[in-house]
Protein chains: 2
Amino acid sequence: MWARELAVSAPGKVILHGEHAVVLGKVALAVALDLRTFLRLRPGAEGRLSVSLPGVGVRRSWDTPGLRALWGRIAADFDESKSPSVEELDALREFTGIAAGASAPDSLATLAFLYMCLAISSKYGDVPSVDIVVWSELPTGAGLGSSAAYAVCLAAALLMVCGAISCPLQEGESTARWTEEELALINSWAFRGERVIHGNPSGVDNAVGTWGGALRYQAGKITPLKRVPTLRILLTNTKVPRSTKVLVAGVKEKILKFPAIMNPVLDSIDAISQECQSVLETMPANPSPEHYPVLEEFFDINQHHLNVLGVGHPSLDRLCQVTASHRLHSKLTGAGGGGCGITLLPPDTSPLAVEAAKEDLCACGFECWETKIGAPGVTLHSCSSLSARVLHGLAQS
Amino acid sequence: MWARELAVSAPGKVILHGEHAVVLGKVALAVALDLRTFLRLRPGAEGRLSVSLPGVGVRRSWDTPGLRALWGRIAADFDESKSPSVEELDALREFTGIAAGASAPDSLATLAFLYMCLAISSKYGDVPSVDIVVWSELPTGAGLGSSAAYAVCLAAALLMVCGAISCPLQEGESTARWTEEELALINSWAFRGERVIHGNPSGVDNAVGTWGGALRYQAGKITPLKRVPTLRILLTNTKVPRSTKVLVAGVKEKILKFPAIMNPVLDSIDAISQECQSVLETMPANPSPEHYPVLEEFFDINQHHLNVLGVGHPSLDRLCQVTASHRLHSKLTGAGGGGCGITLLPPDTSPLAVEAAKEDLCACGFECWETKIGAPGVTLHSCSSLSARVLHGLAQS
């Protein structure tokens, strides 16, 4: 029986370079964003499993024998090639009373929780009697990997409670991480959870949430970068809604219309991702300030290319102009057409310039976070080491 | 002896696509701009040759025997591979009292005039007793081919006066053009005049001034396009001064620094020039409105590429934004870094939108002309057919 009160966190992700081009087989770089999702794990009443997700308004509790009775309907053996089956999801919907076709965040988050809980507990242990609260600094639906961070936290906590991975946090320590093998197990189960939510995710988001830092993604192959620096950024949400599907289709159409003009642009984006990878891998051993203008130039060039692909938006132009007026360089990140942009903050950026840029961005109606990329992956925390802000978020349940 | 009063005009040029990339062996499209240079030719006092260039403050007159005496020092045989020699230019400087190294427009225009006059007259006839006035709608030094338009007008007038080409204007006609063979002769002599002014010009500007329309330029080879439409544009001069040499060097440096990123951008620009050529050649036979959005898309893409090459400028960003706010598409033309931009005016553009765009551009401190591209090349006019504005310009002398 689980007796400790602990917390697990996992980072969000942003695409540094290669969004859209990655769909067409080019290299993308995804980096961990230091806006994190936190999961608090507490011993629960014997025979009760509770989950609370204050961000999406979920507060549910089940008898563990009732859950155990569902084991037979959820496959515990993990098969990478398969998404959760229609039968499995139907069984969970029936049990929870969630309507078929319900795709609101609260429904999907509940289904993913139960799916992971049942599959992990039936394979590695027993349905745990614990209270789980998950709260996130990440906005949902903004392409920042919030569902993957959720799935990574759940996978780590459930695998630990069921004994499939260790509890590496020693008494008196604030944080601890798992071994490489344990991380691989967390990642594979997080991917399974992501599939409940997203159907056919690329696996990039959960990999970033698990390993942190930065990783290279190309044609289905995910390669974590060896050592990467932590870079300060502004993350700005223009709050302009967009459809990733429509944007991706628009890019494809443009390439079919003008292949000789557009294919070289994809090649150039591919080269930016690769050059950027090489700069990032050089930086930890050689932390010279001369790398930053190069990273800024890559931002500028790729932002132009993304406009050429047709995924820009006046709000993103505005974002780039506002930050340029403070001598800062920005690009859209993710699908574009609105959504989020990132702005590099080189070490010599004055705090006044950062504050002024943030104020100007907020004055545009944007939401703006001063944060970092290259953040650590899934981490185990003592609850006493969490900030008041995080504790407050978790206490909303 | 020349007895008629006539006028010759030649158009300026803008680069439609391929600026900068052309230096690196890619295709560029140059088009004739309907801002023209006009030359008025009148019988002069017997034994006097006069030239007046009100735009650059030149008003000179010489005895024809004195000019004839210089024949021996100017080679009449045209050699495409050679620029005018130091000795030839020294002889002219000595004769005119222009200091060695003087590079102001008035000095260069005077030298080019005398050089062409002596070389043409010694080869084809006699030094003519005529009054020549040249006035231009083109701003000088803005990359719009004003010196080439000047040289084309001079070549046509001098070749005609000396009997090397015909005088195709029949009594009662307003305008006339020369035959293909005559145009080739005009172009080769205009190139020679351009060399006095520019040292080592590409030959594109005088070819556009001679043939008009549009031409393709690649690796030294100039090919006039067969049939091209006349397109309405706004030509805007940001009046931001720039150094073409510095800009060209900056592009080369960027390519050397990031070849894998930059070379595909040049390939994409090359493809834009070629696709645009194909659209332009399709338009006269199939004047469908659907071509215009394609031409506008090419403008937008190339403007992004030129920014990637590093030849953009905040004034050009402003120009693009202002015209975009009236749903019009613009790109820089020529060297960039300031200088001029062009804005396409599709046939369905409302006159109100054009006026509003012009007003907004002028409010930025820019100079703006509503004009056309694909204009006719060198043309002979009866003076009575010239507009009051042109006659007024020519009368300033």
Side-chain angles (χ1 to χ4, degrees), chain A residues 17-18 21 26-27 250-251 253-279 290-291 293-314 316-318 320-322 324-325 327 329 331-332, chain B residues 17-18 21 26-27 250-251 253-279 290-291 293-314 316-318 320-322 324-325 327 329 331-332:
Chain A
H17 289 292
K26 307 298 178 186
V27 173
V251 172
E253 198 186 316
K254 221 167 167 181
I255 292 167
L256 286 174
K257 199 167 153 200
F258 304 121
I261 296 169
M262 302 307 288
N263 282 322
V265 177
L266 299 175
D267 292 339
S268 181
I269 292 174
D270 192 63
I272 292 170
S273 294
Q274 300 198 44
E275 295 271 345
C276 184
Q277 175 180 349
S278 138
V279 171
E290 78 196 3
H291 296 304
V294 174
L295 294 177
E296 290 181 330
E297 205 164 354
F298 292 163
F299 268 37
D300 293 341
I301 296 175
N302 204 355
Q303 177 63 15
H304 283 299
H305 286 349
L306 288 160
N307 272 303
V308 167
L309 296 186
V311 299
H313 188 270
L316 294 164
D317 294 342
R318 189 95 193 87
C320 291
Q321 276 160 28
V322 165
S325 73
R327 301 181 165 278
H329 299 249
K331 69 178 278 288
L332 70 84
Chain B
H17 289 292
K26 307 299 178 186
V27 173
V251 171
E253 198 186 318
K254 222 168 166 181
I255 292 166
L256 286 174
K257 199 167 153 199
F258 304 122
I261 296 169
M262 302 306 290
N263 282 322
V265 177
L266 299 176
D267 292 340
S268 180
I269 292 174
D270 192 63
I272 291 170
S273 294
Q274 300 197 45
E275 296 271 345
C276 184
Q277 174 181 351
S278 136
V279 171
E290 78 196 3
H291 296 303
V294 174
L295 294 176
E296 290 181 329
E297 205 164 353
F298 292 164
F299 268 38
D300 293 341
I301 296 175
N302 204 354
Q303 177 63 16
H304 283 300
H305 286 349
L306 288 161
N307 273 304
V308 167
L309 296 186
V311 299
H313 188 271
L316 294 164
D317 294 341
R318 188 96 193 86
C320 291
Q321 276 160 29
V322 165
S325 74
R327 301 179 166 279
H329 299 249
K331 69 176 279 287
L332 70 84

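Order of the sequence lines fixes the chain letters, A, B, ..., with proteins taken first and strands second; residue numbering starts at 1 for each chain.
- Heavy-atom proximity under 4.5 angstrom to chain A picks out B:His304, B:His305, B:Asn307, B:Val308 from residues 302-309 of chain B.
- Partners of B:His291 by side chain to side chain contact (heavy atoms under 4.5 Å, CB included), not counting sequence neighbours, listed by chain and number: B:Val279, B:Thr282, B:Met283, B:Asn286, B:Ser288.
- The minimum heavy-atom distance between B:Leu332 and B:Gly312, with the atom names listed, is CD2-CA, 4.4 Å.
- For B:Phe299 against B:Lys331, the heavy-atom pair with the smallest separation is O-CB, 3.8 Å.
- Here the CD-CG distance, from A:Glu297 to A:Leu295, works out to 10.5 Å after rounding to the nearest 0.5 Å.
- Heavy-atom pairs under 4.5 Å with chain A were tallied for B:Pro314, B:Ala271, B:Gly310; the largest tally goes to B:Ala271.
- Applying a 4.5 Å heavy-atom cutoff, the residues of residues 254-264 of chain B that approach chain A are B:Lys254, B:Lys257, B:Phe258, B:Ala260, B:Ile261, B:Met262, B:Pro264.
- Residue A:Gln274 does not touch chain B at all, counting heavy-atom pairs closer than 4.5 Å.
- For the set A:Asp300, A:Ile272, A:Val294, the entry with the most heavy-atom pairs within less than 4.5 Å of chain B is A:Ile272.
- Taking all atoms of both residues into account, the shortest heavy-atom contact from B:His329 to B:Arg327 is CD2-O, 3.9 Å.
- Listed options B:Ile301, B:Asp317, B:Ile269 were ranked by heavy-atom pairs under 4.5 angstrom with chain A; first place goes to B:Ile301.
- Evaluation of the salt bridge (Lys or Arg N to Asp or Glu O under 4.0 Å) test over residues 263-278 of chain A, restricted to residues two or more places apart or in two chains, returns A:Lys26-A:Asp267.
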